[in-house]
There are 2 protein chains.
Amino acid sequence: MRSIDLPLVRELDLFAEMEEANFDELMQAAFLQRFPPQVQLITEGDPADFLYIMVEGGVELFAANGGRETSIEIMRPVTTFILAAVLRDAPFLMSGRTVESSKILMVPSENVRAIFARDQVFARAVVRELAARYRGVVKSLKSHKLRNAVERLANYLLRTETEQGGTGVVQLQIDKRTLAALLGMTPENLSRAFVTLKPYGVEVSGREIRLTKIDDLRSLAKPSPLIDDPTT
Amino acid sequence: MRSIDLPLVRELDLFAEMEEANFDELMQAAFLQRFPPQVQLITEGDPADFLYIMVEGGVELFAANGGRETSIEIMRPVTTFILAAVLRDAPFLMSGRTVESSKILMVPSENVRAIFARDQVFARAVVRELAARYRGVVKSLKSHKLRNAVERLANYLLRTETEQGGTGVVQLQIDKRTLAALLGMTPENLSRAFVTLKPYGVEVSGREIRLTKIDDLRSLAKPSPLIDDPTT
DNA sequence: TTGAAATCTTGATAATTATCAAGAATTGGC
DNA sequence: GCCAATTCTTGATAATTATCAAGATTTCAA
């Protein structure tokens with residue numbers, strides 16, 4: 001792989017503390033790929049032959065069943081995905097497609113498992129990462145079971161605003177159709193949810209959302225650290 | 001703890017392969033507790049001071065937000081729960097209460113983390129367990145986002161029937177209110193969903209559900225291994 | 001710059017799910 | 001075995017969400 005991207009990967013929690021030799025060995029076997037937008041990288045049910053590491057761009061993890069389709073998560077640099085499938089040597093539970101032009105590092109699963117078996121530091125990092133991911137999905141499940149569509153959108157906006165620096169403006173990084181799928185609603189409903197939030201200072205123009213009454217929005221959204229805080 | 005229960009715990013995937021000395025050390029610090037039904041053991045937001053291991057009975061993991069409450073999972077022997085919170089030393093994302101009289105082994109979190117740090121075999125088992133749990137929650141999320149209430153119930157019945165030995169009879173181990181919360185609906189709606197499934201051979205009498213037309217039910221439920229197979 | 005394609009929004013309507021209010025059935029203590 | 005308490009079911013109605021059908025807007029390639 002291009003060594004210029006390596007430091008970024010090395011800084012990932014997952015790899016930061018591990019021994020140089022092991023990291024090098026992992027990277028030796030890895031290769032970096034560039035993908036155009038809307039390319040499907042992985043398909044649910046397929047075996048997990050590689051661990052994927054987002055270096056640039058974005059990947060939507062989604063799942064389909066009985067003609068319906070939904071987004072589960074959007075992966076952004078620098079993170080890994082499908083770690084659980086790799087570690088269990090199990091089929092993917094989700095498919096993945098790029099949402100934009102993306103650069104992705106692919107590490108053969110066997111190598112991940114091999115290093116995992118002999119590098120304790122790496123193993124510990126893997127556990128921390130997995131535990132964090134587990135908690136992320138639990139939060140998502142809680143959000144879906146305990147909130148209605150408008151509340152989910154409101155909390156998403158507040159989370160994203162904070163994530164993007166707290167400037168009162170949210171720049172959507174995905175199209176609204178994907179956002180709707182992520183939030184578990186139809187695109188039509190997302191439009192209506194935005195209309196519902198107008199009195200709470202949510203001004204939509206294209207992909208730019210201005211939050212002009214954050215306190216009002218917050219009192220509607222009632223964010224909870226046990227659902228919305230990404231660090232908890 | 002009563003040594004009579006130890007073999008069961010030792011057989012858990014999580015502990016089966018680890019060194020005797022380390023297992024003993026873990027169990028040394030642990031203690032076994034008996035709890036009556038409907039006792040709340042853990043509360044979301046609290047620090048994770050113990051790893052819990054179900055030895056007997058059942059525990060409902062649930063979460064609340066804004067006056068609403070939902071079940072996330074029912075834990076049965078012999079399994080651990082809240083492993084992710086323990087490993088990350090993070091607050092619980094879920095509360096837990098016994099659904100019946102239960103015997104539960106409590107291992108102080110520090111001990112788990114200590115052994116984890118020095119026993120590679122244990123660490124590997126922890127990762128497999130965590131990865132399995134992660135995948136379990138993803139499946140649950142998929143089920144909720146891709147299916148309606150009747151389909152969720154139908155698949156639950158099919159899964160449980162298989163789990164209980166494929167005799168065509170499902171014996172509900174929880175009351176219907178809890179089942180409704182687990183499946184993400186109101187108790188009223190669960191009653192109606194059972195009525196909807198009557199033409200598909202679902203005969204309800206109290207907690208005993210007879211499935212007399214499994215093929216018909218299956219053709220409605222359209223179970224998917226990527227959602228419903230507990231081993232995948 | 002323009003026009004076709006895609007995305008997004010809006011309206012009308014339908015399906016799904018929740019709420020409220022009784023009544024029926026079941027359970028558990030005495 | 002009986003009665004009170006709880007759980008479950010049913011009906012009526014409301015709220016939420018989805019679907020279908022246009023129209024408006026945006027995007028992007030020529």
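Computed from a prediction, not measured in an experiment: that's the story for all the values here. By convention in this document, chain letters (A, B, ...) are assigned in the order of the sequence lines, proteins followed by strands, and residues within each chain are numbered from 1.
- In the region residues 180-203 of chain B, proximity to DNA chain D at under 4.0 angstrom, judged on heavy atoms, holds for B/Glu188, B/Ser191, B/Arg192, B/Val195.
- Atom CG in B/Leu172 sits about 14 Å away from atom C1' in C/dT26, given to the nearest Å.
- Salt-bridge annotation for A/Arg97 and A/Glu69: present, with a side-chain N of the basic residue lying under 4.0 Å from a carboxylate O of the acidic one.
- Counting heavy-atom neighbours within 6.0 Å of B/Arg68 CZ, excluding the residue itself, gives a total above 12.
- A salt bridge links B/Lys142 to A/Glu44: one of the charged nitrogens lies within less than 4.0 Å of a carboxylate oxygen.
- We find that CG of B/Leu179 is positioned 15 Å from C1' of D/dT9, with the value rounded to whole Å.
- Between the CD atom of B/Glu208 and the C1' atom of C/dT27 there is a distance of 17 Å, rounded to whole Å.
- For the pair B/Arg218/B/Pro223, a side-chain contact is recorded, criterion being any heavy-atom separation below 4.5 Å from C-beta on.
- Between the C1' atom of D/dC8 and the CD1 atom of B/Ile174 lies a distance of 15 Å, rounded to the nearest Å.
- Contact annotation: B/Lys176 side-chain N/O to C/dT26 OP1/OP2 distance is not under 4.0 Å.
- Of all heavy-atom pairs between A/Glu208 and A/Val169, the closest is CG-CG1, 3.5 Å.
- Of all the residues in residues 142-155 of chain B, not one reaches under 4.0 Å from DNA chain D with any non-hydrogen atom.
- What separates CD of A/Glu69 from C1' of D/dT19 is a distance of 17 Å, to the nearest Å.
- Checking A/Gln164 against A/Thr167 by side-chain atom types alone, no donor-acceptor pair falls below 3.5 Å.
- Inspection of the B/Thr98 and B/Gln38 side chains reveals no N or O donor paired with an N or O acceptor under 3.5 Å.
- B/Val9 is listed as a side-chain neighbour of B/Phe15, based on a closest heavy-atom distance under 4.5 Å.
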